[in-house]
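Inspection log for the structure reproduced underneath, given as structure tokens.
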Amino acid sequence: MVRFLSGIVLLVVFVSAIWWLGPWPLLLVVEAVVVLATVEYASLMSRIGTPVPVLAAAIAAGAACAAVAVPGSAVEVVVMAVALALGSLAVGAGRVAPDVPVRVSAAAFPALYLGLPLGAFVALHGLAGREAVLLVFVTVAASDTAQLYSGRLFGRHLLAPALSPKKTVEGAIGGLVGGTAVLALVGHWWLPQVPPGWRVALGLVVVAFGMLGDLFESLLKRSAGVKDSSGLIPGHGGVLDRVDALLFAIPVYYIFLRYGLGAVR
């Protein structure tokens, strides 16, 4: 019951934010998600034995998010600034050890892994409208739900037992079909500028990368020896657990709508 209620609250909050908020208020909400997810990521890295400076990593990820979200921003400048700042912090620490490059890379990773995709999520609001933003969210949610119930009903063959002992090939197929169907069908109203055949293709790619994003976060958690990224959300784990699929799905969706749509019209 706790999982169900907290899931309903999350759904209402995120759908309302996407539908009713403008780009700037939505950016503030997403920045909060970036910061919380960065804190959880840093906790995972600490368990692995690669401490991450939380404040510096969160600032870097938040800056990357804003750079993508705000039209006309120089994203490359922010990315270079992140590299310079984190490298300078490592020099200032004066710690000489073989793992220094790993630590600096781990600190910079949230900017790429969290900041850029979630910034693109906000950018989609201005690029294609709130319906297009909600569509990718609903598609990934539908895929997750279809994976869960398909796996329970038909699951026989494990998909990636080393990463996720409960995910099955049958569940993945169900998620692929369910998520693709949602994007293709609902996209008739929410993404009408994309032809039907391309909506199917886009759905397949978005859902497939969403599954990879889920497995990647499972890889991080398995490496850290934990089940959830945190216990922040009752019954659902942490923020990172809730956005993991979106972190891989949003980039391909964003790239298609921004750069590939003109070629298929």
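- Under the 3.5 Å distance criterion, the side-chain polar atoms of S73 are left unmatched by any main-chain donor or acceptor of V75.
- In this structure S143 satisfies the side chain to side chain contact (heavy atoms under 4.5 Å, CB included) test together with Q147, V207, M211, sequence neighbours excluded.
- The number of heavy-atom neighbours closer than 6.0 Å to CZ of R130, taken from other residues, nucleotides and ligands shown, is above 12.
- Using a distance-only test at 3.5 Å, with no hydrogens or angles considered, a donor-acceptor pair links the side chain of D241 to the main chain of S229.
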Residues E40, S230; criterion side-chain hydrogen bond (donor to acceptor under 3.5 Å, both in side chains); working and verdict: CA-CA 6 Å; E40 293 175 353; S230 79; 2.7 Å; yes
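- Geometrically, R258 does not engage Y254 in a cation-pi contact defined by less than 6.0 Å to the ring centre and at most 45° from the axis.
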Candidate pair L114 and L240, rule side chain to side chain contact (heavy atoms under 4.5 Å, CB included), full reasoning: CA-CA 9 Å; L114 302 171; L240 197 52; 3.8 Å; yes
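- Residue W19 places its CH2 atom among more than 12 non-hydrogen atoms of other residues, nucleotides or ligands, all under 6.0 Å distant.
- Shown here are the side chain to side chain contact (heavy atoms under 4.5 Å, CB included) partners of L246, two or more places apart in sequence or in another chain: F137, V140, I250.
- The two atoms that bring A146 and G178 nearest to each other are CB-CA, 4.3 Å, heavy atoms only.
- No donor-acceptor pair closer than 3.5 Å links the side chain of Y253 to the backbone N or O of L124.
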F154 and I173: CA distance, side-chain angles, deciding distance, side chain to side chain contact (heavy atoms under 4.5 Å, CB included) verdict: CA-CA 10 Å; F154 309 110; I173 293 172; over 6 Å; no
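- The distance between the ring centers of Y113 and F216 falls below 6.0 angstrom.
- Checking side-chain atoms of E170 against main-chain N and O of G151 turns up no donor-acceptor pair under 3.5 Å.
- In terms of modelled atom types and a separation under 3.5 Å, the side chain of H188 and the main chain of L183 share no donor-acceptor contact.
- When all heavy atoms of V54 and A42 are compared, the pair lying nearest together is CG2-CB, 3.6 Å.
- Between the side chain of K167 and the backbone N or O of L159, no donor-acceptor pair lies under 3.5 Å.
- Atom CG of L27 is separated from atom CG of L118 by 10.5 Å, given to the nearest 0.5 angstrom.
- Atom CZ of R242 is separated from atom CG of L247 by 12.0 Å, given to the nearest 0.5 angstrom.
- With hydrogens and angles disregarded, no donor-acceptor distance shorter than 3.5 Å links the side chain of S164 to the backbone of A160.
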